[in-house]
Amino acid sequence: MNEPRPESSHSEQPGEPAAASAFDLEKVREEKLGKIQALGIDPWGTRFDDHQAVAQVRGLTAPPSGSAEAGPAVRIAGRITLRRTQGKVHFLQVRDWTGQIQVFIGKNQVGDSPWELAQLFDLGDLVGIDGTLGHTKTGELTVFATKLTFLSKSLLPPPEKWHGLTDVETRSRQRYVDLFTNPESMATFLGRTRILAAFRRILGERGFVEVEGPTMQAIAGGAAARPFITHHNALDLELYLRIALELHLKRLLVGGMERVFELGRVFRNEGISRKHNPEFTMLEAYQAYGDYHAMMDLTEALICGAINAVDGEYKRTITLSADASVPVDFTPPWPRRSYAELMLEYARVSRSDEAGIRSKAAELGLTVEGKEAVVLFGELFEELVEPKLEGPVFVIDYPAELCPLTKRKAGAPEIAERFELFVHGMELANAYTELNDPLLQESLFRKQLQGQREDDSMAKMDDDFIRALKHAMPPAGGLGVGIDRLCMLLLNRPNIRDVILFPLLRPEV
RNA sequence: GCCCUCCUAGCUCAAUUGGCAGAGCAGCUGACUCUUAAUCAGCGGGUUGUAGGUUCGAGUCCUACGGGGGGCACCA
C-alpha cells in the first residue's frame, strides 16, 4: 500500500499549509466569510421563518414588466446557482428543492449595506430573499429583492453551471452535490418517496399495519442468500443482518396481526451490479385468510398507485439501459398466465414430457447431465419465456418442485400457488399462498439445509419459526416487492445506484 | 472472482505518430442599473489517479496497484 503523501492535494489535511489551486478557491471563499463577519453578519445564518417554496412563488400572478402596480410580496430561501452582475445590478438564480427563480438585486433598491453583502455572494451560498414578484424587461418572472438575509456560506465551489456534475462516481459519493446541482436527481429521489408514501397509504387503506422486524438476527432466514455478519459485544454473539423480512412477519400472523407489512432494508452479501446493491428495500405484506389471488389484486393496486403518485401515466416508456427503452402499458387489469401455458406457447414442452425437456435444453446448449428435469424446465422458462414477457404479466401456478415453501394448489399437488410479476424480463413482485403446515415446513427446511453448499454454511434451522407455525398460522397470502427496481422502472433510471441515495461504494482514497 | 474500458485544473472537456500540458465555465482585477450559459479587457490556476519501467524524450507505450463504468459469474 502506498503511504499517504502530502502531494495528494485532494484529501483534506487539516493543519497542513494550503498548497494547490483547490485551496486557492477555498481560500478566496474563506476570506469572503471574514468580510461577511466584518459586516456584522453571521455567515452561518439563523432560523428563517415563513419563506415560500419557489414552485409556489412561481405559481403567483405578478404584474407585467414596467407596471406601476406592485407585485405580491414574497420570501424565498435557497442556493445561489447562477449570478450575473451588471454594474450596480445583480441577477441571481436561487434554487430550492421545488425549483429555481431569478432574483434582481439593485444597489439603489436595496441600499448600500445590503449591496455590500450582495457583492460577497458566491455561487453555492444559501440566501434568503424578501422582495416583490414581477417581471423584468425581457419578461422573466423575477423576485425584486428588498431585503437580503445571509443563511449559509459555501466554502467550496459548486460544479460548473452549464454541464453540472456528470461524473457518475462523484454523483453517488457526493449525493449532496448531485441533489443540489441536478434537478432531475432531486426529482428522482422525491419520486421515490412518493412511491413509498403511496404504498403505505394503499396498504393502510386496506387495513394493513406497518411493523418493524429485527434487522440483526441470530438466524438469517426467509431467503437463500449469503448474509453479512456482525457481532454483539456484550452478548459475545455472532449476528447476521437480515436477508428477508418474511419469517418475522409470519410470526406476527401467528400472533394475530392479520394484515402486516414491512417496508424495510435487507442485506445480501452478493456482488454489485446495475441491478444489485448489497442493501436494498423490500416490501413484504402478509394477509391472513388470503391467498395469492388476493396478493395479485394488492400488487396491481400498489403499482398503479405508485404510477399515479409519479405521473399517472399508465402507458409509459421504460428505460432498460442507457440506450434502450421500450413502451409498456400498465393499464389494469394485467393478464394472468399460467406457467404451464406459457411453457407450451414459447418452449413447446410440458412438465410431463421429460424427454422433450431434455432435448429442448440440449438444443439450447444448456448443461443437461446430472440435472433433474424440473430444474431444466425452470431454466427453459428463463431462457425461452422470460425474455418474451413484455408485461406487465402475472405468471401464476409454478411447478411445485420449484417452490418448496409454497402451498400446493388444492387438488393439484404438482402446482404451487405462486405468482411472479414480470415487466420486460424484470421480476417486480413475487407472491405465494404461504405454507402454514409446520410439519411440512420443517421437513422442507431440513431438505434445503442438506442440499446447500459448503460456502453457504450460514443457513440454520429456525426452530422458533417452526414452533410459531405449530401454534397455527392462518392460511395467508404473502407478497414481496423489490422497491428499488420498481423505482428504476417508474422513474426511468437504468441503474439501481441512481435510485439509492447512498449506494455502497469502496471508501474514498 | 474473471474480461473489457476509463481516470488530464474546482467543474466540463481537448492534446496528431511518443515531441513545449490547452480551452470553456468557475475564480481574481477592472468596466457596465434589465441580464438569460450576459458581455468586454486583463490575470492566476496542473506531480495528467499512484508507484515503477521502456525511451534522448511519456498525458500518450509496458507492468503493478487504487478508484470508477460496462459485461460475465454469483444471486428460492
Side-chain angles (χ1 to χ4, degrees), chain A residues 1-11 19-29 31-32 65-66 81-93 100 102-110 115 122-124 134-140 142 144 154-174 177 181 221-226 243-244 246 268-276 278 280 321-323 375 378 398 401-406 416 418 420 427 430 432 444 448 451-453 455-456 459 480 494-495 497 505-509:
Chain A
M1 291 302 284
N2 303 320
E3 291 182 3
R5 303 179 69 103
E7 58 261 46
S8 60
S9 61
H10 296 285
S11 61
S21 63
F23 289 97
D24 292 342
L25 292 174
E26 202 172 339
K27 209 171 152 197
V28 166
R29 284 168 179 254
E31 282 165 9
K32 288 187 185 171
S65 168
T81 59
L82 211 60
R83 191 170 64 123
R84 294 182 282 270
T85 69
Q86 182 162 341
K88 297 184 178 58
V89 169
H90 291 308
F91 292 93
L92 309 180
Q93 289 287 340
Q100 180 169 297
Q102 179 166 269
V103 170
F104 177 99
I105 302 172
K107 187 180 182 188
N108 296 344
Q109 286 75 21
V110 294
W115 179 251
D122 274 319
L123 298 185
H135 291 87
T136 56
K137 279 181 186 167
T138 48
E140 176 151 353
T142 300
F144 291 86
S154 168
L155 293 177
L156 291 172
E160 198 221 7
K161 63 185 177 187
W162 187 242
H163 300 92
L165 183 65
T166 60
D167 181 78
V168 290
E169 180 185 356
T170 312
R171 288 183 65 174
S172 294
R173 273 192 203 285
Q174 302 183 28
V177 177
T181 30
R226 291 200 228 172
I243 56 175
E246 177 161 348
R268 297 187 180 178
N269 211 334
E270 293 160 1
I272 298 175
S273 79
R274 216 161 56 76
K275 291 182 182 172
H276 298 81
F280 59 100
S321 68
D323 44 34
V375 172
Y398 280 60
E401 303 107 301
L402 291 177
C403 343
L405 304 185
T406 307
R418 173 190 186 185
E420 287 190 283
E427 182 192 321
N430 187 11
Y432 308 105
L444 290 170
Q448 191 186 16
Q452 79 183 339
R453 297 176 320 199
D455 59 348
D456 281 343
N495 198 313
R497 184 186 53 219
L505 294 170
R506 286 188 158 88
E508 214 173 344
V509 190

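Convention: sequence-line order gives letters A, B, ...; per-chain numbering from 1. Keep in mind that what you see is a predicted model, and the values were worked out from it rather than measured. All heavy atoms count here, side chains included; hydrogens, waters and symmetry mates do not.
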Student: Only Watson-Crick and G-U wobble pairs, only distances under 3.5 Å, only runs of 3 or more: what stems does that leave for RNA chain B?
Tutor: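 B:1-7 with B:66-72, B:10-13 with B:22-25, B:27-31 with B:39-43, B:49-53 with B:61-65 - these are the stems of 3 or more pairs that involve RNA chain B.
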
Student: What is the nucleic acid contact for A:Thr85, judged by heavy atoms within less than 4.0 Å: base, sugar-phosphate only, or nothing?
Tutor: base

Student: What's the shortest heavy-atom distance between A:Cys403 and A:Tyr398, and which atoms?
Tutor: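 Heavy-atom minimum between the residues: SG-CB, 3.5 Å.
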
Student: May I ask you to say what A:Arg173 touches in the nucleic acid, namely base, sugar-phosphate or nothing, with a heavy-atom cut-off under 4.0 Å?
Tutor: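 Since only primed, P, OP1 and OP2 atoms lie under 4.0 Å of A:Arg173, the category is sugar-phosphate.
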
Student: Under 4.0 Å between a side-chain N or O of A:Arg83 and OP1 or OP2 of B:U35?
Tutor: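 So the side chain of A:Arg83 is outside the cut-off, no N or O lying under 4.0 Å from OP1 or OP2 of B:U35.
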
Student: Would you measure the distance from the P atom in B:U16 across to the matching atom in B:G49 and give it in whole Å?
Tutor: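 Approximately 15 Å lies between the P atom of B:U16 and that of B:G49.
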
Student: Measuring from the side chain of A:Val28 (C-beta onward, heavy atoms only), which nucleotide among B:C34, B:G27, B:C11 has the closest atom?
Tutor: B:G27

Student: For A:Gln86 and B:C34, is the shortest distance between a side-chain N/O and OP1 or OP2 below 4.0 Å?
Tutor: yes

Student: Describe the nucleic acid contact of A:Arg506 in one word from base, sugar-phosphate, nothing, applying a heavy-atom distance below 4.0 Å.
Tutor: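 A:Arg506: backbone/sugar contact only, no base atoms under 4.0 Å.
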
Student: Of the nucleotides B:C74, B:C34, B:A26, which one has an atom closest to the side chain of A:His276?
Tutor: B:C74

Student: Pick the nucleotide of RNA chain B nearest each of A:Arg418 and A:Leu82; which residue has the one closer to the 5' end?
Tutor: A:Leu82

Student: Taking the nucleotide of RNA chain B with the closest heavy atom to each, which residue, A:Thr170 or A:Ile272, is nearer the 5' end?
Tutor: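 Closest to the 5' end, via its nearest nucleotide, is A:Thr170.
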
Student: Please report the distance, rounded to the nearest Å, between CD in A:Glu160 and C1' in B:A26.
Tutor: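 About 8 Å, once rounded to whole Å.
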
Student: So which nucleotide from B:C34, B:C28, B:A38 ends up closest to the side chain of A:Asp122?
Tutor: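 Closest of the options to the side chain of A:Asp122: B:C28.
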
Student: Counting C-beta onward and ignoring hydrogens, is there a side-chain heavy-atom pair between A:Pro159 and A:Val177 closer than 4.5 Å?
Tutor: yes

Student: Please tell me if the side chains of A:Arg418 and A:Asn430 come closer than 4.5 Å, counting only heavy atoms from C-beta onward.
Tutor: yes

Student: If you look at every heavy atom in A:Lys137 and A:Ser65, which pair is closest and at what distance?
Tutor: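 Looking at all heavy atoms of both residues, the closest pair is CA-OG, 3.3 Å.
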
Student: Does B:C75 have its OP1 or OP2 closer than 4.0 Å to a side-chain nitrogen or oxygen of A:Arg268?
Tutor: no

Student: B:C20 and B:G59: how far apart are their C1' atoms, nearest whole angstrom?
Tutor: 14 Å

Student: Given atom CD of A:Gln174 and atom P of B:G67, what is their separation to the nearest angstrom?
Tutor: 17 Å

Student: Does any part of the side chain of A:Glu26, heavy atoms only, come nearer than 4.5 Å to the side chain of A:Leu156, both counted from C-beta?
Tutor: yes

Student: Send over the distance from A:Asp24 CG to B:A9 P, rounded to a whole Å.
Tutor: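 So the two atoms are 15 Å apart, to the nearest Å.
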
Student: Quantified in whole Å, what is the P atom distance between nucleotide B:G53 and nucleotide B:A58?
Tutor: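 12 Å, rounded to whole Å.
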
Student: What is the distance, rounded to the nearest whole Å, between atom CZ of A:Arg29 and atom P of B:G27?
Tutor: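 Answer to the nearest Å: 7 Å.
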
Student: Kindly say if A:Arg226 contacts the phosphate of B:C75, meaning a side-chain N or O under 4.0 Å from OP1 or OP2.
Tutor: no

Student: If you look at every strand shown and take non-hydrogen atoms under 4.0 Å, does A:Leu402 touch a base, only sugar-phosphate, or nothing?
Tutor: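 It contacts nothing in the nucleic acid.
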
Student: By nearest atom, which of the nucleotides B:C74, B:G27, B:G67 is closest to the A:Lys32 side chain?
Tutor: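 The answer is B:G27.
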
Student: Would the base of B:U35 count as contacting A:Glu140 through its side chain, where contact means a donor and an acceptor less than 3.5 Å apart?
Tutor: no

Student: Nearest 0.5 Å, please: how far is NZ in A:Lys88 from CD in A:Gln109?
Tutor: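 It comes to 12.0 Å.
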
Student: Please state how far atom CD in A:Glu26 lies from atom P in B:G44, giving the value in whole angstrom units.
Tutor: 23 Å

Student: Have a look at A:Gln102 and say if it touches a base, only the backbone sugar-phosphate, or nothing, with a 4.0 Å heavy-atom cut-off.
Tutor: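 The residue A:Gln102 makes base contact.
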
Student: Assess whether one donor atom and one acceptor atom, taken from the side chain of A:Thr166 and the base of B:U12, lie less than 3.5 Å apart.
Tutor: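 No such pair is found, so the answer is no.
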
Student: Among B:A76, B:U12, B:G10, which is the nearest nucleotide to the side chain of A:Asp167?
Tutor: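 Closest nucleotide to the A:Asp167 side chain: B:U12.
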
Student: Would you indicate what A:Gly66 reaches in the nucleic acid, counting non-hydrogen atoms under 4.0 angstrom: base, sugar-phosphate, or nothing?
Tutor: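 Contact class for A:Gly66: none.
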
Student: Would you say A:Arg274 places a side-chain N or O within less than 4.0 Å of OP1 or OP2 belonging to B:G71?
Tutor: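 A:Arg274 to B:G71 OP1/OP2: side-chain N or O found under 4.0 Å.
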
Student: Please measure how far the C1' atom in B:G45 lies from the corresponding atom in B:U63, and state the result in whole Å.
Tutor: 33 Å

Student: Taking only the side-chain nitrogens and oxygens of A:Lys161, find out if one of them lies under 4.0 Å from OP1 or OP2 of B:C25.
Tutor: no

Student: Is the closest side-chain heavy-atom distance between A:Pro157 and A:Leu123 below 4.5 Å?
Tutor: no

Student: What are the two closest non-hydrogen atoms of A:Gly222 and A:Glu246, and how far apart are they?
Tutor: O-OE1, 3.7 Å

Student: For B:U17 versus B:C72, give the span between their C1' atoms, rounded off to a whole number of Å.
Tutor: 36 Å

Student: Roughly how far apart are A:Arg497 CZ and A:Asn495 CG, rounded to 0.5 Å?
Tutor: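 Those atoms lie 3.5 Å apart.
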
Student: Quote, to the nearest angstrom, the C1' distance that separates B:A37 from B:C13.
Tutor: 16 Å

Student: How many whole angstroms separate atom CD of A:Glu169 from atom P of B:C11?
Tutor: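 Spelled out: CD on A:Glu169 to P on B:C11 is 11 Å.
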
Student: Using side-chain contact (heavy atoms from CB on, under 4.5 Å) as the criterion, list what pairs up with A:Thr85, not counting sequence neighbours.
Tutor: A:Arg83, A:His90

Student: Can you tell me whether the side chain of A:His163 and the base of B:C11 have a donor-acceptor pair closer than 3.5 Å?
Tutor: no

Student: Can you list everything that forms a side-chain contact (heavy atoms from CB on, under 4.5 Å) with A:Arg84? Sequence neighbours excluded, please.
Tutor: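 With neighbours one apart ignored, the set is A:Leu82, A:Phe91, A:Gln93, A:Gln102.
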
Student: Can you tell me, in whole Å, how much space there is between the P of B:U47 and that of B:G1?
Tutor: 32 Å

Student: How many whole angstroms separate atom NZ of A:Lys88 from atom C1' of B:A31?
Tutor: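 One finds 10 Å between C1' of B:A31 and NZ of A:Lys88, rounded.
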
Student: Rounded to the nearest Å, what distance is computed from the CH2 atom of residue A:Trp162 to the C1' atom of nucleotide B:A38?
Tutor: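 Checked: the CH2 to C1' distance equals 13 Å.
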
Student: Check the phosphate of B:G70 against A:Asn495, side-chain N and O only, distance under 4.0 Å to OP1 or OP2. Yes or no?
Tutor: yes

Student: Determine the interatomic distance between C1' on B:U55 and the same-named atom on B:U60; round to the nearest Å.
Tutor: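 So the two C1' atoms sit 13 Å from each other.
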
Student: Starting the side chain at C-beta, find the nucleotide from B:C11, B:G71, B:A76 nearest to A:Leu165.
Tutor: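 Closest of the options to the side chain of A:Leu165: B:C11.
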
